[in-house]
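Working notes for the structure below.
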Amino acid sequence: MPPWIALVDCNNFYVSCERVFDPRLRDKPVVVLSNNDGCVVARSNEVKTLGIPMGAPVFKLRSQIQAHNIQVYSSNYTLYGDLSRRVMQTLEQFTPEVEVYSIDEAFLGLSGDVDAIATQLRQTVQQWTGIPVSVGVAPTKTLAKVANHIATKSTGVCVLETPSTVLADLPVGELWGIGHRLSDRLHQQGIETALQLRDVELSWVRQQMGVVGVRLVQELRGISCLPLDLCPAPRKSCCMSRSFGRPVTAIAELKEAVATYAARAAAKVRRDELKAGVVTVFITTNRFKPSEPQYSNSAVVQLPQPENDMFTLVQAALRAVEWLYRPGYQYKKAGVLLTELSPASVVQTDLFSNLAQQEKREALMRTVDSLNRQFGVGTVFYAAEGIEKGWQMRTMLRSPGYTTRWGDLLLVR
DNA sequence: TCTGGGGTCCTAGGACCC
DNA sequence: TCTGGGGTCCTAGGACCC
């Protein structure tokens with residue numbers, strides 16, 4: 001294992017993606033909103049300077065958006081996913097040891113003149129993809145996160161060899177793995193900085209923060225406890241859920257939404273060559289409106305054998321909705337969770353399964369998937385998903401699918 | 001009017017077994 | 001009188017991440 005770990009982080013990733021295809025957005029304040037245009041999930045530096053926090057609900061920002069002429073975008077995950085893939089492929093030019101950690105971050109194993117490599121890598125990603133990145137290099141993942149933090153605020157590259165002074169200036173709550181709960185508890189115990197946490201007794205850490213805390217503290221001391229994960233295990237669950245664009249009261253609409261989510265979730269597990277053994281459906285009213293009657297519940301359907309066929313999973317999900325639905329409530333959100341995922345290649349049949357029928361369905365699913373891949377999600381769908389979809393989430397301000405839809409190709413002149 | 005979505009890991013406690 | 005203990009599995013809830 002090489003002695004260094006680098007964290008490459010795309011700066012303000014979603015905003016940077018929008019800027020790649022619309023250079024007029026450079027140097028302007030830009031935000032990208034969550035699904036349903038609910039709250040802010042990405043901010044340009046100009047917006048950060050204005051003090052607008054991550055996760056701020058957009059309806060509270062109206063006056064600021066006006067006053068500073070902030071450019072507002074709905075999220076365009078197809079575009080971001082595509083650019084992310086290009087960034088990751090570029091990183092693979094520099095080392096085979098790439099752990100894709102999230103849509104905009106990767107850990108890399110590096111050795112040699114890491115300062116020079118990091119600088120070169122940063123320039124190459126910028127040149128090949130148009131996305132600015134910061135690179136933090138250190139002996140452990142946790143310290144690489146700290147280094148990245150510094151890199152983002154300075155020249156874009158930071159190699160952290162002797163971090164004591166840096167850790168003394170870092171509030172403990174900003175460490176990777178310390179959320180607001182742990183942060184509060186540490187403050188109560190008089191621990192304010194990352195350096196103080198690093199130098200605390202391990203037995204105390206074990207008792208107060210469990211094994212997760214022990215690993216974190218060891219990492220701060222330069223002892224790697226979170227190795228690079230170069231071949232991630234297959235996922236254990238697949239969730240598809242959305243808030244509705246408006247309150248939903250009728251079971252017919254709820255069924256359309258849940259059928260749509262089940263079909264999308266089924267497509268995801270087929271893409272990953274998995275099958276699901278259990279389908280869970282949940283529905284809920286709007287918890288932000290305590291004045292209205294509240295109801296939320298979930299139902300679990302155990303399948304006789306693992307499936308990834310759209311019809312089977314949608315039917316199971318719809319049975320769950322019938323069981324869950326109570327009239328008289330304004331539903332705000334629903335979701336479908338697929339669990340007990342197993343490899344699709346393992347064929348498991350029971351006495352009553354009809355092989356010929358199963359093969360026909362698999363062929364049909366392959367055709368559906370390929371059409372939806374080629375022409376966009378929703379080209380072919382199950383009638384139970386509904387046509388009008390009045391419940392669908394709002395996305396008023398979405399940018400075009402520059403790299404994934406022929407019709408949206410950027411026009412020059 | 002208007003507050004995201006998709007994951008993972010850990011722990012504690014109960015049921016059950018021998 | 002004296003009432004084990006270790007292991008596994010499952011579940012719910014908590015905490016965190018991006």
Side-chain angles (χ1 to χ4, degrees), chain A residues 7-14 31-43 52-63 65 72-77 80-81 84 99-107 141-142 145 148-149 172-186 206-216 225-226 229 232-247 261 264-265 268-269 272 278 280 282 284-292 298 300 302 330 332-341 392-397:
Chain A
L7 175 62
V8 180
D9 185 305
C10 301
N11 302 336
N12 315 331
F13 183 53
Y14 300 165
V31 295
V32 177
L33 304 182
S34 63
N35 278 318
N36 230 3
D37 291 346
C39 53
V40 171
V41 294
R43 305 159 295 160
I52 292 175
M54 184 76 163
V58 72
F59 71 87
K60 287 187 180 170
L61 301 175
R62 255 181 140 187
S63 60
I65 289 170
V72 182
Y73 284 81
S74 301
S75 38
N76 184 345
Y77 286 102
Y80 311 150
S84 170
E99 176 191 338
V100 176
Y101 179 69
S102 73
I103 193 166
D104 70 337
E105 278 174 79
F107 288 104
K141 281 185 171 178
T142 304
K145 275 271 183 184
N148 189 278
H149 201 69
V172 73
E174 286 182 29
L175 282 171
W176 186 45
I178 305 286
H180 74 280
R181 297 281 169 133
L182 277 174
S183 178
D184 288 351
R185 275 183 57 194
L186 289 169
R206 175 68 181 86
Q207 191 232 322
Q208 293 286 317
M209 304 168 69
V211 296
V212 179
V214 171
R215 284 201 284 257
L216 194 158
C225 298
L226 306 168
D229 186 4
R235 60 150 121 219
K236 295 172 180 170
S237 66
C238 172
C239 184
M240 174 73 204
S241 77
R242 288 284 181 276
S243 299
F244 303 132
R246 58 166 166 76
Y261 304 159
R264 292 278 295 276
K268 278 202 239 177
V269 298
D272 292 352
V278 170
T280 303
F282 56 90
T284 179
T285 49
N286 190 346
R287 68 196 162 95
F288 291 107
K289 285 187 179 169
S291 58
E292 290 186 356
S298 64
V300 180
Q302 174 88 49
Q330 307 238 313
K332 179 60 182 169
K333 182 177 178 178
V336 174
L337 177 67
L338 303 181
T339 48
E340 287 182 22
L341 302 182
Q392 244 178 358
M393 66 176 187
R394 288 178 295 265
T395 48
M396 303 295 287
L397 315 155

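First the proteins, then the strands, lettered A, B, ... as listed; each starts at 1. The structure presented is a predicted model; accordingly, all values stated were derived computationally and were not measured. Just so you know, these numbers use all the heavy atoms, side chains as well, and skip hydrogens, waters and symmetry mates.
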Sidechain-backbone polar pair: Lys268(A) side chain, Cys239(A) backbone, donor-acceptor under 3.5 Å: yes
Distances under 3.5 Å between nitrogen or oxygen atoms of protein and nucleotides 10-14 of chain B:
from, atom 1, to, atom 2, distance (Å)
dC10(B), OP1, Arg215(A), NH2, 2.7

Protein proximity profile, nucleotides 2-8 of chain B - base contact B, sugar-phosphate-only contact S, no contact -, cut-off 4.0 Å on heavy atoms: BBSSSSS
I'd like to know if the side chain of Arg235(A) reaches the main chain of Asp272(A), judged simply by a donor and an acceptor atom lying under 3.5 Å from each other, with no hydrogens or angles considered. no
Salt-bridge contact Glu292(A)-Lys332(A) (side-chain N to carboxylate O under 4.0 Å): no
Between dT3(B) and dC18(C), how many Å separate the two P atoms, rounded to a whole number? 25 Å
For Phe13(A), is there any backbone N or O sitting under 3.5 Å from a side-chain donor or acceptor partner on Asp104(A)? no
Partner residues of Ser237(A) under the side chain to side chain contact (heavy atoms under 4.5 Å, CB included) criterion, sequence neighbours left out: Leu337(A), Thr339(A)
How are the rings of Trp176(A) and Tyr101(A) set to each other: parallel, tilted or perpendicular (split at 30° and 60°)? perpendicular
Side-chain donor or acceptor of Thr142(A) paired with backbone N/O of Leu216(A) under 3.5 Å: no
May I ask you to decide if Cys39(A)'s main-chain N or O and Ser34(A)'s side chain share a donor-acceptor pair within less than 3.5 Å? yes
Any residue meeting side chain to side chain contact (heavy atoms under 4.5 Å, CB included) with Ala106(A), in chain and number order, not counting sequence neighbours: Met88(A), Leu91(A), Val98(A), Leu108(A)
Taking all atoms of both residues into account, what is the closest heavy-atom pair of Leu7(A) and Lys145(A), and its distance? CD2-CD, 3.5 Å
Treating a pair as Watson-Crick (purine N1 to pyrimidine N3 plus N6-O4 or O6-N4) or G-U wobble (N1-O2 and O6-N3) with both distances under 3.5 Å, list the stems of 3 or more consecutive pairs that involve DNA chain C. B:5-18 with C:5-18
Taking the side chain from Arg264(A) and the backbone from Met240(A), do they hold a donor-acceptor pair closer than 3.5 Å? no
Find every protein N or O atom lying less than 3.5 Å from an N or O atom of nucleotides 16-18 of chain C, and list the pairs.
from, atom 1, to, atom 2, distance (Å)
dC16(C), OP1, Gly179(A), N, 3.0
dC16(C), OP1, Gly179(A), O, 3.4
dC16(C), OP1, Leu182(A), N, 2.8
dC16(C), OP2, Arg181(A), N, 3.2
dC16(C), O5', Gly179(A), N, 3.3
dC17(C), OP1, Gly177(A), N, 2.5
dC17(C), OP1, Ile178(A), N, 3.2
dC17(C), O3', Trp176(A), NE1, 3.2
dC18(C), OP1, Lys145(A), NZ, 2.5
dC18(C), O3', Ser102(A), OG, 2.7
dC18(C), O3', Asp104(A), OD1, 3.0
dC18(C), O3', Glu105(A), OE2, 3.3

Between Tyr261(A) and Phe244(A), what is the ring plane arrangement, given parallel below 30°, perpendicular above 60°, and tilted in between? parallel
